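In what follows, a single structure is set out as structure tokens and then discussed.
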Amino acid sequence: MISSIWQKRKQMPLLQAIKEGVGETSSVITSAGLILAGTFAVLATLPIQVLVQFGIITAIGVMLDTFIVRPFLVPAITTLLGKWAFWPGKPLLVVEDKPTSGLKSEL
């Protein structure tokens, strides 16, 4: 999701890039999360108590990540941090989110 937002922010404002990045990757992330959670949930069928606990807790964690962290927290934190959300990367010339009103127009 973040790499999709990273790519799109070069051509459009950050908020629009976040909207399109989330929309573009949401089905893939949801599918992968469901498959991974189902894989770990299979461990709950085994007769070994430690594997049952590990399978259930891991499946719940993957589901929380799939349905809460990725679609809500990642875009919210990216919006709040703005350009600092991509901090370790090289700074890019990006499209501004707000028009610069009140300033002299540049040629």
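None of these values were measured; they are calculated from a predicted model.
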Show me the side-chain donor-acceptor pairs of residues 67-82 shorter than 3.5 Å, one per line, residues at least two apart or across chains.
from, atom 1, to, atom 2, distance (Å)
Arg70, NE, Asp65, OD1, 3.4
Arg70, NE, Asp65, OD2, 3.0
Arg70, NH2, Asp65, OD2, 3.3
Thr78, OG1, Val74, O, 2.7
Thr79, OG1, Pro75, O, 2.8

Enumerate, atom names and distances included, each donor-acceptor pair closer than 3.5 Å involving a side-chain atom of residues 35-59, sequence neighbours excluded.
from, atom 1, to, atom 2, distance (Å)
Thr39, OG1, Ile35, O, 2.8
Thr45, OG1, Val42, O, 2.6
Thr58, OG1, Phe54, O, 2.7

Could you walk me through whether Arg9 and Gln16 pass side-chain contact (heavy atoms from CB on, under 4.5 Å), step by step? CA-CA 8 Å; Arg9 78 179 179 114; Gln16 183 67 27; over 6 Å; no
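When the shell of 6.0 Å around NZ of Lys19 is examined, it contains 12 or fewer heavy atoms from other residues, nucleotides or ligands.
Here the CD1-CD distance, from Ile5 to Glu24, works out to 10.0 Å after rounding to the nearest 0.5 Å.
Between Met12 and Glu20, the closest side-chain pair of non-hydrogen atoms falls below 4.5 Å.
Nearest heavy atom pair, residue Gly21 against residue Met1, reads O-CG, 4.5 Å.
Val62 and Ile29 end up in different hydrophobic clusters when Ile, Leu, Val, Met, Phe, Trp and Tyr side chains are linked at under 4.5 Å.
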